[in-house]
K.L.:
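Structure below; questions to follow.
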Amino acid sequence: MTRSWSRTSRVIAGTATALAVLTACGGGGDDTANKPNEPVTLTFWGWAKGSKDVVDAFNASHTDIQVKFEEIPSGTAGGYAKISNAVKAGNAPDLVSIEYSSLPEFVSSGALQDIGGEFTEADRAKLLPQTVELTTLGGKTWAVPFDAAPQAFFYRKDLFAKYKVEVPTTWDAFRKAAEQVKKADAKARIATFFPDDPTTFEAMAWQAGAQWFKAENDTWKIDTTDAATTKVTAYWQGLLDAGLVHKNASFSPEWTGSLKNGTTIGYLGASWGAGVLKGTLPEQNGKWAVAPMPSWDGKPASGMLGGTSFAVTKDSKRKAAAVTFAEWMSTTEDGVKARIASGTSSAFPAAAALRPVAKKAFDASYYGGQDIYALFEASGASISPNWAWGPTTGTTNTTIKDHFGKIAQGGPGIADAVKAGHDATVAELTKRGLKVEG
């Protein structure tokens with residue numbers, strides 16, 4: 001796993017350097033905004049489950065730093081737009097949650113501070129080198145990694161047994177299982193296509209071996225017409241055309257309602273999804289299980305769906321305190337326990353030494369006592385090494401999301417959305433004065 005992630009991260013870091021898209025931000029970082037003998041007060045925006053519990057635990061155990069937390073929508077659901085607007089207006093919080101996929105864009109726009117002086121080599125040594133490299137762009141350190149997010153398939157084991165459906169290990173078997181579910185109950189579906197969430201689709205493409213962003217010398221090469229993407233696009237279009245999956249917005253009342261009434265019996269998510277289901281459907285305790293993501297050849301393979309880091313915004317005057325808090329969340333037993341003990345988070349820590357802590361803190365009785373962290377370990381080790389993120393993820397994802405929303409029987413399809421995303425990405429890179437092929 002280390003070798004794989006190192007390869008990907010070098011691509012990202014090398015690309016950022018070669019294209020000079022990173023802005024070296026100054027920022028204050030003097031931590032002098034408070035009067036002597038008063039605690040430094042930080043503002044923190046995030047959306048990950050358990051965040052408020054972590055902030056409360058930190059505030060209760062620290063007198064020198066206090067944190068004011070504001071929960072914002074998830075990144076692609078408006079959180080990133082809110083952060084960007086706040087940065088432009090000069091009233092951004094000190095610390096923000098940013099997924100690895102979006103970090104290059106925030107860095108290239110000059111929204112963040114380099115925290116290399118505070119997040120030292122000794123600090124980074126506590127975390128997986130893979131995630132550290134994902135937050136190291138252009139030779140500078142831009143965020144504290146918190147978790148990784150390997151894919152996983154969550155399913156209602158009671159209904160799978162009732163419908164005599166075997167848990168699929170390949171995508172071919174997944175389609176057959178989907179047909180069985182629909183045949184057993186005309187209203188039930190094995191899973192959901194999320195038209196509002198391009199990141200889930202991208203994780204599928206990643207798993208299949210796609211590589212949308214690639215940098216060679218001073219040129220971005222954008223390719224969404226490769227064999228892997230084409231295969232994933234056709235596969236999901238086939239599931240939609242045949243009515244074998246639902247199409248609902250992620251975490252919407254419609255999606256949640258279908259889980260509650262048993263008309264959706266599976267969820268293609270990531271490691272953090274275990275906490276989401278447990279917190280959303282407490283009445284279904286013991287009815288769910290977790291399986292590896294189906295793959296194209298039956299061998300272990302995973303993309304990465306999300307993954308959180310903590311970054312300091314460019315105008316923060318409390319950089320040292322912000323990094324101290326970020327490290328406490330990411331690298332201490334108390335921080336991990338506070339997040340996971342609430343039962344809403346099943347985070348898979350970037351700090352490998354803290355995974356046993358996470359496993360112990362998460363009550364897996366919801367999944368029949370299954371060792372879900374062992375499954376996440378195996379899934380994480382199988383993440384494809386060939387995917388890299390570019391500096392225009394926001395443009396790419398917003399465009400794909402808009403076109404996913406237009407998908408209709410006999411009308412626009414997934415391929416149209418992917419092409420629109422491709423074209424918008426190329427246009428945005430060109431607008432920024434970068435060389436582009438694709």
K.L.:
Return yes if some donor-acceptor pair links the side-chain N/O of Thr120 with the main-chain N/O of Gly117 below 3.5 Å, else return no.
P.N.:
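No; judged by distance alone, with no hydrogens or angles, the pair does not exist.
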K.L.:
For Thr256 and Thr280, does a side-chain donor sit closer than 3.5 Å to a side-chain acceptor?
P.N.:
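No, no side-chain donor-acceptor contact under 3.5 Å.
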K.L.:
Answer yes or no: are there more than 12 heavy-atom neighbours, outside Lys52 itself, under 6.0 Å from its atom NZ?
P.N.:
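Atom NZ in Lys52 is not packed in, count stays at 12 or less.
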K.L.:
Once side-chain hydrogen bond (donor to acceptor under 3.5 Å, both in side chains) is applied, what residue pairs with a partner in residues 88-99 remain, sequence neighbours excluded?
P.N.:
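Matches after skipping sequence neighbours: Thr43-Asp94, Tyr80-Glu99, Asp94-Ser316, Asp94-Arg318.
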K.L.:
How about Thr224 and Lys419: do any of their side-chain heavy atoms sit closer than 4.5 Å?
P.N.:
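Contact flag for Thr224/Lys419 side chains = no.
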K.L.:
Count the heavy atoms of every other residue, nucleotide or ligand shown that sit under 6.0 Å from NZ of Lys68, and state whether that count exceeds 12.
P.N.:
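It does not: Lys68 NZ has 12 such atoms or fewer within range.
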K.L.:
Looking at Trp255 versus Phe194, is the centre-to-centre ring distance below 6.0 Å?
P.N.:
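So the answer is yes for these two rings.
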K.L.:
Report yes or no: do Asp334 and Thr332 form a side-chain donor-acceptor pair below 3.5 Å?
P.N.:
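There is no such pair (donor and acceptor under 3.5 Å, judged by atom type) between the side chains of Asp334 and Thr332.
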K.L.:
Side chain to side chain contact (heavy atoms under 4.5 Å, CB included), that's the test. Do His422 and Thr225 meet it? Break it down for me.
P.N.:
CA-CA 9 Å; His422 176 280; Thr225 60; 5.5 Å; no
K.L.:
Go through the steps to decide whether Lys359 and Glu377 satisfy the test salt bridge (charged side-chain N to carboxylate O under 4.0 Å, His left out), and finish with yes or no.
P.N.:
CA-CA 11 Å; Lys359 175 182 174 180; Glu377 285 276 5; over 6 Å; no
K.L.:
Of all heavy-atom pairs between Gly307 and Ala149, which one has the smallest distance, and what is that distance?
P.N.:
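Heavy-atom minimum between the residues: N-CB, 3.6 Å.
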K.L.:
Please round to the nearest 0.5 Å and tell me the distance separating atom CG of Asp223 and atom OG1 of Thr229.
P.N.:
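Answer for the CG-OG1 pair, Asp223 versus Thr229, is 7.0 Å.
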K.L.:
Side-chain contact test, heavy atoms from C-beta onward, threshold under 4.5 Å: evaluate it for Ile190 versus Tyr155 and give yes or no.
P.N.:
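Side chain of Ile190 against side chain of Tyr155, heavy atoms only: no contact under 4.5 Å found.
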K.L.:
If you round to the nearest 0.5 Å, how far is CD1 of Ile414 from NE2 of His403?
P.N.:
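These two atoms lie 13.5 Å from each other.
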K.L.:
With a 4.0 Å cut-off on N to O distance, would you call Lys406 and Asp402 a salt bridge?
P.N.:
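So Lys406 does not pair with Asp402 through a salt bridge.
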K.L.:
Determine, step by step, whether Thr192 and Val245 satisfy the side chain to side chain contact (heavy atoms under 4.5 Å, CB included) criterion, reporting the C-alpha distance in whole Å, the side-chain angles of both residues, the deciding distance to 0.1 Å, and the verdict.
P.N.:
CA-CA 5 Å; Thr192 306; Val245 291; 5.9 Å; no
K.L.:
Is there a side-chain contact between Thr141 and Asp114 (heavy atoms, below 4.5 Å)?
P.N.:
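Thr141 reaches Asp114 side chain to side chain.
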K.L.:
Parallel, tilted or perpendicular: which one describes the rings of Phe404 and Phe193, with boundaries at 30° and 60°?
P.N.:
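Perpendicular: the ring planes of Phe404 and Phe193 meet at over 60°.
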K.L.:
Is there side-chain contact between Arg339 and Met329, with at least one heavy-atom pair below 4.5 Å?
P.N.:
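Yes - at least one pair of side-chain heavy atoms lies under 4.5 Å apart.
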K.L.:
Students often mix this up, so state it plainly: with edges at 30° and 60°, are the rings of Phe153 and Phe174 parallel, tilted or perpendicular?
P.N.:
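If you compare the ring of Phe153 with that of Phe174, the planes turn out perpendicular.
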K.L.:
Test side chain to side chain contact (heavy atoms under 4.5 Å, CB included) on Asp363 and Lys278; report intermediate values, then the result.
P.N.:
CA-CA 10 Å; Asp363 181 2; Lys278 181 179 178 181; 3.2 Å; yes
K.L.:
Measure the OH-OG1 distance between Tyr267 and Thr200 for me, rounded to the nearest 0.5 Å.
P.N.:
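One gets 6.5 Å once the value is rounded to the nearest 0.5 Å.
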K.L.:
Just so I know, are the side chains of Phe201 and Val418 near enough to count as touching, which here means a heavy-atom distance under 4.5 Å?
P.N.:
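They are in side-chain contact.
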K.L.:
Could you tell me whether the side chain of Gln113 and the main chain of Val312 form a donor-acceptor pair under 3.5 Å?
P.N.:
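Checked: no pair found.
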K.L.:
Could you check whether any side-chain N or O of Ser309 sits under 3.5 Å from a backbone N or O of Ile98, counting only pairs where one atom can act as donor and the other as acceptor?
P.N.:
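Pair found, side chain donor or acceptor close to backbone of Ile98.
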K.L.:
Decide if the gap between the ring center of Tyr235 and the ring center of Trp171 is smaller than 6.0 angstrom.
P.N.:
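Yes, ring centres under 6.0 Å apart.
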K.L.:
Please check this pair: side chain of Gln207 against backbone of Pro294, looking for a donor-acceptor N/O pair closer than 3.5 Å.
P.N.:
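Side chain of Gln207 to backbone of Pro294: a pair is present.
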K.L.:
Answer yes or no: is there a side-chain heavy-atom contact under 4.5 Å between Leu259 and Leu277?
P.N.:
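Yes, close enough: below the 4.5 Å cut-off.
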K.L.:
For a 4.5 angstrom cut-off between non-hydrogen side-chain atoms, does Asn217 reach Lys435?
P.N.:
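With C-beta onward as the side chain, the pair stays apart.
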K.L.:
Could you tell me which residues satisfy ring-ring contact (aromatic ring centres under 6.0 Å, His included) with Trp212, sequence neighbours excluded, listed by chain and number?
P.N.:
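ring-ring contact (aromatic ring centres under 6.0 Å, His included) check on Trp212 returns Trp387.
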K.L.:
Would you give the length of the straight line joining atom CG of Leu354 to atom NZ of Lys360, rounded to the nearest 0.5 angstrom?
P.N.:
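Between atom CG of Leu354 and atom NZ of Lys360 there are 13.0 Å.
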K.L.:
Write down the atom of Leu137, the atom of Pro104, and the distance for their closest heavy-atom approach.
P.N.:
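So the minimum-distance heavy-atom pair works out to CD1-CA, 3.8 Å.
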K.L.:
Measuring from atom OG1 of Thr263 to atom CZ of Arg189, what distance do you get when rounded to the nearest 0.5 angstrom?
P.N.:
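Between Thr263 OG1 and Arg189 CZ, I get 9.0 Å after rounding to 0.5 Å.
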K.L.:
Using 30° and 60° as the class boundaries, would you call the ring planes of His62 and Trp328 parallel, tilted or perpendicular?
P.N.:
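His62 and Trp328: perpendicular rings.
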K.L.:
Where do His246 and Thr264 come nearest, in terms of heavy atoms and distance?
P.N.:
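Minimum heavy-atom contact is CD2-OG1, 2.9 Å.
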K.L.:
Determine, stepwise, if the pair Tyr373 / Phe348 fulfils side chain to side chain contact (heavy atoms under 4.5 Å, CB included).
P.N.:
CA-CA 8 Å; Tyr373 276 86; Phe348 183 61; 4.0 Å; yes
K.L.:
Once rounded to the nearest 0.5 Å, what's the spacing between atom CD of Glu202 and atom OG of Ser101?
P.N.:
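Here the rounded value is 7.0 Å.
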K.L.:
Between Thr199 and Asp197, do the side chains contain a donor N or O and an acceptor N or O under 3.5 Å apart?
P.N.:
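The criterion, which ignores hydrogens and geometry beyond distance, is satisfied for Thr199 and Asp197.
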K.L.:
Charged N to carboxylate O below 4.0 Å: is that the case for Glu216 and Lys221?
P.N.:
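Lys221 and Glu216: salt-bridged.
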K.L.:
What's the shortest heavy-atom distance between Tyr100 and Pro145, and which atoms?
P.N.:
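Residues Tyr100 and Pro145, closest heavy atoms: OH-CB, 3.5 Å.
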K.L.:
Taking the six-membered ring for Trp, are Phe146 and Phe310 parallel (under 30°), tilted (30 to 60°) or perpendicular (over 60°)?
P.N.:
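Judged by the thresholds at 30° and 60°, the geometry between Phe146 and Phe310 is tilted.
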K.L.:
Are any non-hydrogen side-chain atoms of Leu103 and Trp389 less than 4.5 angstrom apart?
P.N.:
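The answer is no, as the side chains (C-beta and beyond) never meet within the 4.5 Å cut-off.
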K.L.:
If you draw a 6.0 Å radius around NZ in Lys157, do more than 12 non-hydrogen atoms from other residues or ligands fall strictly inside?
P.N.:
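Enclosed: over 12 neighbouring heavy atoms sit under 6.0 Å from NZ of Lys157.
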